[in-house]
Amino acid sequence: AFASCSKLTDCYCYASTVPTTSTIAFTNQYIANATLHVPAELIEDYNCSDPWYNFGQIVAMTEEEEKLPVNGIMVSPVDNIIFSLDGRPIQKPQHGIYIVNGKKVVIK
C-alpha cells in the first residue's frame with residue numbers, strides 16, 4: 001500500500017487492533033524516518049508487530065486526532081513515478097490508464 005512512498009512522514013492507524021499486513025506493504029520506503037500514530041492503548045502491540053515496529057516512532061494519537069473522520073489518504077505528488085490504478089509503481093508502462101503526478105493519464 002505504501003511501497004515506494006519515500007516521503008512518508010506520518011501514518012495514522014485508527015484500527016482497534018493491530019492490522020495484519022505483509023512486510024512488503026512498505027517496500028522501498030523509509031519508515032524508520034516516519035512516525036506512526038495509533039490509539040494510546042495499542043502502542044505496545046504495534047511495537048511488537050512486524051512491519052509496524054520498523055517505524056522511527058510510534059506515538060499515541062491525541063484525543064482530537066482520534067475524533068477526526070478518516071476521509072482518505074493525503075499525498076504529495078511524486079514526480080516521474082508512474083503508478084497503476086491499484087497503486088503499484090510501474091517501471092515500463094504499456095497501453096492503459098495510469099496515475100502520474102496524482103492524475104489519471106491514458107497511455108496509447
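Separation of atoms CD1 (I107) and CD1 (I82) is listed at 5.0 Å; rounding is to 0.5 Å. The SG atom of C48 sits 10.0 Å away from the OH atom of Y53 when rounded to the nearest 0.5 Å. Annotation: the span from C13 atom SG to F55 atom CZ amounts to 9.0 Å, rounded to 0.5 Å.
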With side chain to side chain contact (heavy atoms under 4.5 Å, CB included) as the test, would you mind laying out the steps for Y98 and L85 before giving the verdict?
CA-CA 6 Å; Y98 298 93; L85 291 178; over 6 Å; no

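Side chain of W52 to backbone of T21: no donor-acceptor contact under 3.5 angstrom is found.
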Check residues 34-46 and write down every donor-acceptor pair under 3.5 Å in which the side-chain atom is one partner and the other belongs to a residue at least two apart or another chain.
{"residue": "H37", "atom": "NE2", "partner": "D10", "partner atom": "OD1", "Å": "2.7"}

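Cluster annotation: V59 is not connected to M61 through the hydrophobic network of ILVMFWY side chains, with a link wherever side-chain heavy atoms come within less than 4.5 Å.
Minimum interatomic distance between S84 and I99 (heavy atoms only, all atoms of both residues): O-CG1, 4.0 Å.
The environment of CD in Q57 is sparse: at most 12 heavy-atom neighbours from other residues, nucleotides or ligands sit within 6.0 Å.
Taking the side-chain hydrogen bond (donor to acceptor under 3.5 Å, both in side chains) definition, one finds that Y12 meets it with E65, sequence neighbours left out.
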